[in-house]
Q: 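Okay, here's the structure, questions in a sec.
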There are 2 protein chains.
Amino acid sequence: MRVDTPDIYEDLKRRLMNATLRPGHKLKPSDLQGDYGCSANTVREVLHRLVTIGLVEFEAQRGFRVRAVDQSIFNDVTRFRILLEQEGAERSMEKGGVAWEMHLNAAHHALVHIQTRILKAGDMEPFRALWSEAERHFHETLISACGSALIRRTHANIYLQFRQQMMTLTEEFGGAYFGMIAAEHQQILDAALARDAAGCARAIEQHLRRNIREAA
Amino acid sequence: MRVDTPDIYEDLKRRLMNATLRPGHKLKPSDLQGDYGCSANTVREVLHRLVTIGLVEFEAQRGFRVRAVDQSIFNDVTRFRILLEQEGAERSMEKGGVAWEMHLNAAHHALVHIQTRILKAGDMEPFRALWSEAERHFHETLISACGSALIRRTHANIYLQFRQQMMTLTEEFGGAYFGMIAAEHQQILDAALARDAAGCARAIEQHLRRNIREAA
DNA sequence: CCTGTCAAAAATTTCGAAATTCCGCGCTTT
DNA sequence: AAAGCGCGGAATTTCGAAATTTTTGACAGG
């Protein structure tokens, strides 16, 4: 199979987020080279880019490894995501106009639509990629009017790390899960559109806190 | 001159923070190669690492450039630094023990010491590197007990970006400058040791807000 | 005079191999 | 038997050059 650099990047990212590549697993350019039909140096560069977004770890003279996953790291990632999302949402509520409201509404609508389909089918698997993308899009839209490139970029990276940790730690989504988070997304949306900063911060915190478990 | 990879990294970082390398300037591996007596690929890797911490920008097929600097970017960096430092300080005040208090006191003492020497000499230049390091150390110690690797790492990167922006935008430090920031560092220290979260957040905000100028 | 095309030059990216460094394993020594 | 040493294989890092892509600049056409 022959692919170019951006494809290798996307494919490795996907494998990391699926937890197909397990945490701590060594990522040897010489092995991956075979998967993609390119030179080891090209893989090396892609891995460096994945280090940038926090999905891969690197140590000089010791190579690359899949980012470690455990509950305490997941807690850290989750708390940081709460911080970024609260701040991003608050600033968006200050600065966002009607265009932002429309985009947020649309993103929420798409998310609800997919969740309905999943509940009907009684099986998430065929929709996992779609749902994942819709959820990501809702949360990114929420903070999209914050006016800070740094917050948006950092949040995007943290969101990927969040997914990687979550996919590894919780292998399945329960059925009740969707009911709860559907209500929570609705709360976030309502507070955001009402420009209720405190309420929105509370809703974001509730939505994400479930992932934090002390005494890891 | 022959140096190894970590040295190239440190030297380029230094040149970027000094604003010796001006924003937007193209960083051609083939040129830098001559400065360090290594292959272009080695420089390339170092530049990728500098992208990770935000001092260098990269665009596929178009190479590397020194990170852009302007007032609006500096505003963004500063606001983000305020957010991280407030959160880091608040968590440190919750979790930090007597060891943290001692380290923070020591860091502040060292900073005051250097500032006294600068005021006596009436010239910052010989002490710039020392002062710079002491100031960085104080702010990093402030958040060092926060218990979040993510906050600390992100803050470290943002601090470097802050310096790069500042060194480019404000070429000189006024004399009055030190008087003000000395008082501000004292306020941050006092509030932190008193575990006064709100006061500490206010002090941090005041300390950093001076760098924000609207209507860039 | 402006615009679009095309070839030459320059820069970036990729490559395969050489050089270096690390790691496991058996050996010796105490 | 435990600890230290050194060898051999494997992985990482570096290199110089080839291949690809972008940029430049001149020239023809509108």
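The model shown is predicted, which means the values in this text are computed figures rather than measured ones. To find a chain, count down the sequence lines: A is the first, B the second, and so on, and within it residues start at 1.
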Q: I need the minimum non-hydrogen distance between B:Ile212 and B:Glu214, along with the two atoms involved.
A: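 Looking at all heavy atoms of both residues, the shortest contact is CG2-OE2, 3.7 Å.
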Q: OH of B:Tyr9 versus P of D:dT13: gap in Å, rounded?
A: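 Rounded to whole Å, this separation is 15 Å.
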Q: Nearest whole Å is fine: how far is C:dG16 P from A:Gln33 CD?
A: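 Spelled out: CD on A:Gln33 to P on C:dG16 is 7 Å.
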Q: Below 4.0 angstrom from OP1 or OP2 of D:dT14, is there any side-chain N or O of B:Thr5?
A: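 Answer is yes, contact under 4.0 Å.
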Q: Without decimals, in angstroms, what is the distance between A:Glu45 CD and D:dT20 P?
A: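 Those two atoms, CD and P, are 17 Å apart.
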Q: How many whole angstroms separate atom NZ of B:Lys28 from atom P of D:dT22?
A: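 Checked: the NZ to P distance equals 17 Å.
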Q: Report the distance from atom CD1 of A:Ile8 to atom C1' of C:dC15, rounded to the nearest whole Å.
A: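 In whole Å, C:dC15 C1' and A:Ile8 CD1 are 13 Å from each other.
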Q: So that I can tick it off, tell me whether B:Arg91 and B:Glu87 are bridged by a salt bridge, with the cut-off set at under 4.0 angstrom between side-chain N and carboxylate O.
A: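 Yes.
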Q: Just how far, in rounded Å, is C1' of D:dT13 from CZ of B:Arg49?
A: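 From B:Arg49 CZ to D:dT13 C1': 11 Å.
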Q: Does anything in residues 54-67 of chain A come within less than 4.0 Å of DNA chain C? Heavy atoms only, and list the residues if so.
A: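 Hits under 4.0 Å, by residue number: A:Gln61, A:Arg62.
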Q: Quick check: closest heavy atoms across A:Leu21 and A:Val66, and the distance to 0.1 Å?
A: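 Looks like O-CG1, 3.7 Å.
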Q: Heavy atoms only: give me the nearest B:Arg44-B:Phe64 pair and the separation to one decimal.
A: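 Scanning both residues completely, I find the closest heavy atoms to be O-CZ, 3.9 Å.
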Q: Measure from CZ on B:Arg44 to C1' on D:dT20 and round the result to the nearest Å.
A: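 Between C1' of D:dT20 and CZ of B:Arg44: 13 Å.
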Q: State whether the side chain of B:Arg152 and the backbone N or O of B:Ser144 hold a donor-acceptor pair below 3.5 Å, judged by distance alone.
A: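 Here the side-chain-to-backbone pair exists.
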Q: Do B:Asp70 and B:Gln165 make a side-chain contact, defined as non-hydrogen atoms from C-beta onward lying under 4.5 Å apart?
A: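 Heavy-atom side-chain distance check fails, nothing below 4.5 Å.
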Q: Cationic tip of B:Arg65 within the cone over B:Phe58's six-membered ring, i.e. under 6.0 Å and within 45° of the normal?
A: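 Verdict for B:Phe58: no cation-pi partner in B:Arg65.
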Q: Of the nucleotides D:dT12, D:dT13, C:dC15, which has the atom closest to the A:Pro29 side chain?
A: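 When the side chain of A:Pro29 is considered, D:dT12 is the closest of D:dT12, D:dT13, C:dC15.
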Q: Below the 4.0 Å mark, does C:dA10 have OP1 or OP2 next to a side-chain nitrogen or oxygen of B:Ser30?
A: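 For C:dA10, neither OP1 nor OP2 has a side-chain N or O of B:Ser30 closer than 4.0 Å.
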Q: Closest approach to the side chain of B:Lys26, judged atom by atom: which nucleotide of D:dT12, C:dA11, D:dC15 is it?
A: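 Nearest to the side-chain atoms of B:Lys26, counting from C-beta on, is C:dA11.
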Q: Starting at CG of B:Asn41 and ending at P of D:dT12, how long is that distance when rounded to a whole Å?
A: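 After rounding, the reported distance stands at 17 Å.
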